[in-house]
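Worksheet for the structure shown next.
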There are 2 protein chains.
Amino acid sequence: MAKPLVPIIVKLGGSVVTYKDTLFKPNISVIDRLVKEILKANIESLIVVHGAGSYGHPVAMEYKINDGYKSPDQLIGFSKTRQAMMALNKIIIDAFIEQKLPAVSVQPSAFIVTDKGRIEGFDTTIIRKLLNLKMIPILYGDAVVDKTAGFSILSGDQIINKLAVTLRAEKIIFGIDIDGLFTDDPKRNPDAKFVEKITFEELQALFDKIGIADTIDVTGGMYGKISELIYILEKWDKAVIKIINAKQKNRLFNALIDETIICTEIRRR
Amino acid sequence: MAKPLVPIIVKLGGSVVTYKDTLFKPNISVIDRLVKEILKANIESLIVVHGAGSYGHPVAMEYKINDGYKSPDQLIGFSKTRQAMMALNKIIIDAFIEQKLPAVSVQPSAFIVTDKGRIEGFDTTIIRKLLNLKMIPILYGDAVVDKTAGFSILSGDQIINKLAVTLRAEKIIFGIDIDGLFTDDPKRNPDAKFVEKITFEELQALFDKIGIADTIDVTGGMYGKISELIYILEKWDKAVIKIINAKQKNRLFNALIDETIICTEIRRR
């Protein structure tokens, strides 16, 4: 049997693929450009995970889906959150198909159960088979059933954590709407310094510093993201993680082909 | 722990929820009416499975998805088939949400693998949890990865077979576009006789008689459907199956509340 392909994992953040401040508004021109950059990079094995942006987040917040099941009134909100995410997922996959890239939706909530918000088991059989067929599985942050809480929000970042560790991915690219990690939120603090390279230990220190102030979105914002990065590096020391600004032209392309770009690179050693 | 609810399983055939002869045309008025009938029947525990109709079938046929993987050219067809089914699924779930029924998509291809077209394992954990939360899981015929063939078409009817047997469903309603089973295809043979009640043995005899002439759709048409009914009754002798004409007003409602209607009823004894 052939050696299994090691996929590159790309996250397309919710603030990249949607207009975060306008309900249900995809950023079609950015989506199309990113898909063309992926096509141009000609990657042998790829998994894409996208965020929720103005699709899943506002609905999930309105119905407090991330607090778990408290009352029957939330159920319709759970339905609506899932529908919103399917709608965004369909738009993104259409952009891949438009470029003749055989992307397929793999609905996280159909195969992942969480317990207190954390993934319980993670069967990659189907994803591996899709990769073997040279298809591009596309997953996303989703509203899932939770063993303890009834339901919860599963972030795309947590999915990436599981995928990266389970599939031994060596290159993981997080596309966000700023250039990478900063010592503070650059949108609010002009003194925030850009972090070009960071080790595991430094990342942990930064994590403690950021604290939980930055939790405006239901998946914990940058704080949630960094905690998932720490999980990856703890369990899989060959992972090289790049946080890039996917709203800037060719950053994703250059990250995919290992060109030097402005980004934050995180590795264990 | 409370006794698990036994769900009623409803199939909405592809020829019911779409216009079979017009590509990607949902039958919105029929979908809306059926959802209202489900609402009115006030079912405690329900699973809905829908067919492909003019969404999945034409695309799957064009790319010969049901023949399994033969060439890379098919991959984009696999993507397109999945996208088409997601689009139809979204329309149907929107109709449930419109009536404030908390329906949620459970994408079959994200958790089911087939081997030579038959389901391998079938984890109902998530479906059970959704039912416990009083949500309505909505599944559908889909294009799935296949252990031997690379990929294949998984019919909604085969999904119902697995759901019915695994969850010990006692009432399974197949909504199609004719009144029930006939001794031959009533659309082509005016001498075809309607079958009101049929035992397991008679069904097997009918199955042998119909043969494989009626296999115009990729999932085997009525022949495929009957073979799944036989599987259900072989493995689960308490199943009561009703085949109804879901295009006729109130047939689904009356079937759900056990009113006498024109239909074909099939039971083991």
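Proteins come first, then strands; the chains are lettered A, B, ... in the order of their sequence lines, and each starts at number 1.
- To the nearest 0.5 Å, atoms CZ (F96(A)) and CD (Q83(B)) are separated by 11.0 Å.
- Highest contact tally toward chain A, considering only K134(B), K100(B), M135(B), is held by M135(B) [criterion: heavy-atom pairs under 4.5 Å].
- Expressed to the nearest 0.5 Å, how far CD1 of I112(B) lies from OG1 of T125(A) amounts to 13.5 Å.
- For a residue to count as touching a neighbouring chain, one of its non-hydrogen atoms must lie under 4.5 Å from one of that chain's; by this rule A143(B) does not touch chain A.
- M86(B) is listed as a side-chain neighbour of N89(A), based on a closest heavy-atom distance under 4.5 Å.
- Distance check, rounded to the nearest 0.5 Å: CZ of R82(B) to NZ of K90(A) gives 14.0 Å.
- Here the side chains of N132(A) and Y69(B) are not in contact, with every heavy-atom distance at 4.5 Å or above.
- Counted within 6.0 Å of CZ on F122(A), heavy atoms from surrounding residues, nucleotides or ligands total more than 12; the atom is thus considered enclosed.
- The closest side-chain heavy-atom distance from V106(B) to F111(A) is not below 4.5 Å.
- With a threshold of 4.5 angstrom between heavy atoms, D123(A) does not approach chain B through any atom at all.
- Of the listed residues (I93(B), V104(B), I138(B)), just one forms a side-chain contact (heavy atoms from CB on, under 4.5 Å) with S79(A), and that residue is V104(B).
- Interface remark: L139(A) contributes no atoms to any contact with chain B (heavy atom separation under 4.5 Å).
- Distance alone, capped at 3.5 Å, is enough to place a donor-acceptor pair between the Q107(B) side chain and the Q107(A) backbone.
- Residue P102(B) comes nearest to L75(A) through the heavy atom pair CB-CB, 3.7 Å, listed as atom of the first residue, atom of the second, then distance.
- Per-residue heavy-atom pair counts under 4.5 Å with chain A were compared for D94(B), L133(B), V144(B), T81(B), and the maximum is reached by L133(B).
- At a 4.5 Å heavy-atom cutoff, the contact between L101(B) and chain A is made by backbone atoms alone.
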- Message: Evaluate L130(A) against F151(B) for side-chain contact (heavy atoms from CB on, under 4.5 Å), listing each step before the verdict.
- Response: CA-CA 9 Å; L130(A) 290 170; F151(B) 47 62; over 6 Å; no
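- There is no contact between I136(A) and chain B, counting heavy-atom distances below 4.5 Å.
- Residue-environment remark: NZ (K116(B)) stays at or below the threshold of 12 foreign heavy atoms within 6.0 Å.
- Atom CD of E98(B) sits in a sparse spot, with 12 or fewer heavy atoms from other residues, nucleotides or ligands closer than 6.0 Å.
- Under a cut-off of 6.0 angstrom, the local environment of CZ in F253(A) is crowded, with over 12 non-hydrogen atoms contributed by other residues, nucleotides or ligands.
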